[in-house]
Chemist: 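So that we are looking at the same thing, I have put the structure below in structure tokens.
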Amino acid sequence: MIRLAVVSGKGGTGKTMVTAALADISGVPQVLADCDVDAANLELVFEPRRLTTEEFRGLAAARIDPERCRDCGICADHCRFGAIVRRDDAWEVDALHCEGCGVCTYVCPTGAVRMEQRVCGEIYTSATDRGNLVHARLFPGSGNSGLLVTEVKKRAVSLADGADLLLADGPPGIGCPLIATVSGMDAVLIVTEPGVSAFHDLERLVTVCRRFGPRIFVAINRFDLAEDICERIEDYCEKEGIVVAGKIPFDPMVIEAVRNGRPVTRSESPATDALRVLRDNLFFELGLR
């Protein structure tokens, strides 16, 4: 099974649009994973039928037992994150600020503070007409998105029996969620656009991805809006030995498809033609038929 992640150096490049298009026209047995857990929206274009819902518990947070607390305030004095606050004449933990370091549990003289795992989100498995989809929701204010991405990938692999492709919609940027997505992948497809900031973020993203050893491909979305920068991106990829698997033109049909919650490849348009070429080039390089 080939494991392919579609990623981007910045938001708004069309990463999810490309992922949905590839999933729609792949033509091979596949399982889908939405690893953009902070803003998962691949489900919006495939009308999934929910199969399972599971709580995601991230790192532990501190909790103060008011029955054992002697009101000394030592825990608050040692908390570097300001997470232990005074409310209604008692000490309590502000979960949004607690980083789970556990210092308070060591300094408390009465053992009134303990670490407890907290529910930080939910993980879903759903059925779509293009294969099973694993996706998730990280609750507002919760951290540990990298851990949640890892759990999404694990569940996708568990559903991949008989699949030729695991296709993941990754997060933008180069932080922990991206690293968790790229780790263990056979290939990444970086979706970029002809802009100065997008070009800069492409370079940073290539540097990060190379540390994990996947094959790297690039797709340039809306390439015809700034063909001079597009040429710079192509020159960079040639210099770095990166295959530009496809170039997608600006196409109003893409906007219409997104508004209607469907893959653009379900209608004929210049973007659809380019996405089919992207699919053919990418799958040829990866040995998928």
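Positions are given from 1, in the same order as the sequence printed here.
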Chemist: For the residue pair Pro214 and Cys209, what are the closest heavy atoms and their distance?
Modeler: CD-O, 3.1 Å
Chemist: Restricting to non-hydrogen atoms, name the atom on Ser126 and the atom on Pro48 that form the minimum distance, rounded to 0.1 Å.
Modeler: CB-CB, 3.4 Å
Chemist: Tell me whether the rings of Phe199 and Tyr236 are parallel (<30°), tilted (30 to 60°) or perpendicular (>60°).
Modeler: perpendicular
Chemist: Step by step, work out the side chain to side chain contact (heavy atoms under 4.5 Å, CB included) result for Ile233 and Cys237.
Modeler: CA-CA 6 Å; Ile233 293 173; Cys237 290; 4.3 Å; yes
Chemist: Show, in sequence, the C-alpha distance, side-chain angles and deciding distance for Lys154 and Glu151, and conclude whether the salt bridge (charged side-chain N to carboxylate O under 4.0 Å, His left out) test is met.
Modeler: CA-CA 5 Å; Lys154 285 180 180 178; Glu151 292 301 318; 3.6 Å; yes
Chemist: Using modelled atom types only, decide if a donor and an acceptor are shared between the side chain of Asp251 and the backbone of Met253 within a distance under 3.5 Å.
Modeler: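 Yes: the side chain of Asp251 pairs with the backbone of Met253.
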Chemist: Shared ILVMFWY cluster between Val188 and Met1, side chains joined below 4.5 angstrom?
Modeler: no
Chemist: Can you tell me how far the OG1 atom of Thr265 sits from the CZ atom of Arg276, to the nearest 0.5 Å?
Modeler: 7.5 Å
Chemist: Taking the side chain as every heavy atom from C-beta outward, state whether Lys10 and Ser197 have any atom pair closer than 4.5 Å.
Modeler: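 Yes, side chains in contact.
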Chemist: Can you find a pair of side-chain heavy atoms, one from Phe46 and one from Pro263, that are under 4.5 Å apart?
Modeler: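 Yes. Closest side-chain heavy atoms under 4.5 Å.
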Chemist: For residues Asn132 and Leu51, determine if any side-chain heavy atom of one lies less than 4.5 Å from a side-chain heavy atom of the other.
Modeler: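 Touching, per the 4.5 Å side-chain cut-off.
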Chemist: Rounded at 0.5 Å granularity, tell me how far CG in Leu42 sits from NZ in Lys15.
Modeler: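 Taking CG in Leu42 and NZ in Lys15, the distance rounds to 8.5 Å.
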Chemist: Give a yes or no answer on whether the side chain of Ser8 reaches the backbone of Ile190 with a donor-acceptor pair at less than 3.5 Å.
Modeler: no
Chemist: If two hydrophobic side chains count as joined below 4.5 Å and joins carry through other members, does Val18 share a cluster with Met185?
Modeler: no
Chemist: Indicate yes or no: at least one non-hydrogen side-chain atom of Ile123 is less than 4.5 angstrom from one of Leu148.
Modeler: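 Side-chain contact under 4.5 Å: yes.
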Chemist: Give a yes or no on whether the backbone of Ser26 and the side-chain of Arg279 come within a donor-acceptor separation of less than 3.5 Å.
Modeler: yes
Chemist: With the 4.5 Å side-chain cut-off for hydrophobic clustering, are Val37 and Val45 part of the same group?
Modeler: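 No; tracing contacts between hydrophobic side chains, which count when under 4.5 Å, never links both residues.
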Chemist: Do we get Arg137 above Tyr124's six-membered ring, with its NZ or CZ under 6.0 Å from the centre and within 45° of the axis?
Modeler: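 Arg137 over Tyr124 ring: no.
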Chemist: Closer than 3.5 angstrom, by distance alone: can the side chain of Ser183 be matched with the main-chain N or O of Ile179 as a donor-acceptor pair?
Modeler: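 The answer is no, because no donor-acceptor pair under 3.5 Å joins these two groups.
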Chemist: In terms of hydrophobic clusters joined by side-chain contacts under 4.5 Å, are Leu205 and Val149 together?
Modeler: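 Leu205 does not cluster with Val149.
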Chemist: With Leu22 as reference, evaluate Leu282, Asp169, Leu275 under the side-chain contact (heavy atoms from CB on, under 4.5 Å) test and give the passing residue.
Modeler: Leu282
Chemist: Same cluster for Val7 and Met17 if Ile/Leu/Val/Met/Phe/Trp/Tyr side chains link at under 4.5 Å?
Modeler: no
Chemist: Between Glu116 and Arg118, does a salt bridge (charged side-chain N to carboxylate O under 4.0 Å, His left out) hold up when you go through it step by step?
Modeler: CA-CA 6 Å; Glu116 294 181 348; Arg118 52 186 168 183; over 6 Å; no
Chemist: Please check if atom CZ in Phe212 has more than 12 non-hydrogen atoms from other residues, nucleotides or ligands closer than 6.0 Å.
Modeler: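 Yes, the 6.0 Å shell around CZ holds more than 12 heavy atoms from other groups.
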Chemist: Just by distance, no angles: are the side chains of Thr192 and Thr13 close enough, under 3.5 Å, to form a donor-acceptor pair?
Modeler: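 Checked: Thr192/Thr13 side chains show no N/O donor-acceptor pair below 3.5 Å.
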Chemist: With salt bridge (charged side-chain N to carboxylate O under 4.0 Å, His left out) as the test, would you mind laying out the steps for Arg232 and Asp235 before giving the verdict?
Modeler: CA-CA 5 Å; Arg232 289 174 55 193; Asp235 290 343; over 6 Å; no
Chemist: Measuring only between side-chain heavy atoms, which start at C-beta, is Pro109 closer than 4.5 Å to Cys72?
Modeler: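 With C-beta onward as the side chain, the pair touches.
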Chemist: Minimum heavy-atom separation for Leu4 to Leu189, with atom names?
Modeler: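 In this case the closest contact between Leu4 and Leu189 is CD1-N, 4.0 Å.
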Chemist: Tell me if the CZ atom of Arg3 is crowded by more than 12 foreign heavy atoms within 6.0 Å.
Modeler: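 Atom CZ in Arg3 is not packed in, count stays at 12 or less.
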Chemist: Are any of the side-chain nitrogens in Glu240 or Arg210 under 4.0 Å away from the carboxylate oxygens of its partner?
Modeler: yes
Chemist: Could you check whether any side-chain N or O of Asp34 sits under 3.5 Å from a backbone N or O of Asp36, counting only pairs where one atom can act as donor and the other as acceptor?
Modeler: yes
Chemist: Might you work through the side chain to side chain contact (heavy atoms under 4.5 Å, CB included) test for Glu43 and Leu133, ending with a clear yes or no?
Modeler: CA-CA 8 Å; Glu43 63 178 294; Leu133 167 66; 4.0 Å; yes
Chemist: Quick check for you: to the nearest 0.5 Å, what is the distance between Arg63 atom CZ and Cys104 atom SG?
Modeler: 12.5 Å
Chemist: Consider only side-chain N and O atoms of Thr19 and Thr16, and report whether a donor and an acceptor are under 3.5 Å apart.
Modeler: no
Chemist: What distance do Gln117 atom CD and Glu55 atom CD have between them, rounded to the nearest 0.5 Å?
Modeler: 11.0 Å
Chemist: Looking at every non-hydrogen atom in both residues, tell me the closest pair between Cys120 and Leu138 and how far apart they are.
Modeler: O-CD1, 3.6 Å
Chemist: What is the distance from atom CG of Leu159 to atom CG of Leu32, rounded to the nearest 0.5 Å?
Modeler: 10.5 Å
Chemist: Would you say the side chain of Val208 lies within less than 4.5 Å of the side chain of Arg211, judging by non-hydrogen atoms?
Modeler: no
Chemist: Is there side-chain contact between Ile220 and Glu234, with at least one heavy-atom pair below 4.5 Å?
Modeler: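 Counting from C-beta outward, Ile220 and Glu234 do come under 4.5 Å.
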Chemist: Side-chain contact test, heavy atoms from C-beta onward, threshold under 4.5 Å: evaluate it for Pro29 versus Leu165 and give yes or no.
Modeler: no
Chemist: Give the minimum heavy-atom separation between Asn281 and Ala245, together with the two atoms involved.
Modeler: ND2-O, 2.9 Å
Chemist: Could you go through Ile25 and Arg266, starting from their C-alpha distance and side-chain angles, then the distance that decides it, and tell me whether this counts as side chain to side chain contact (heavy atoms under 4.5 Å, CB included)?
Modeler: CA-CA 9 Å; Ile25 61 175; Arg266 296 190 181 177; over 6 Å; no
Chemist: List the atom of Cys35, the atom of Ala168, and the distance in Å for their closest heavy-atom pair.
Modeler: SG-CB, 4.0 Å
Chemist: When you check the gap from the basic side-chain N to the acidic O, do Arg155 and Glu54 get nearer than 4.0 Å?
Modeler: yes
Chemist: Please check if the side chain of Asp24 supplies one atom and the backbone of Ala20 the other of a donor-acceptor pair under 3.5 Å.
Modeler: no
Chemist: Heavy-atom count around Arg70 CZ within 6.0 Å, excluding the residue itself: above 12?
Modeler: no
Chemist: How long is the straight-line distance from CZ of Arg215 back to CD of Glu285, given to the nearest 0.5 Å?
Modeler: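 Answer rounded to 0.5 Å: 5.0 Å.
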Chemist: Verify side chain to side chain contact (heavy atoms under 4.5 Å, CB included) between Glu193 and Ile248, making sure each step is shown before the conclusion.
Modeler: CA-CA 9 Å; Glu193 60 185 358; Ile248 307 159; over 6 Å; no
Chemist: Check the surroundings of atom CG in Asp161: do more than 12 heavy atoms from other residues, nucleotides or ligands lie under 6.0 Å from it?
Modeler: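 Not buried by this count: 12 neighbours or fewer within 6.0 Å.
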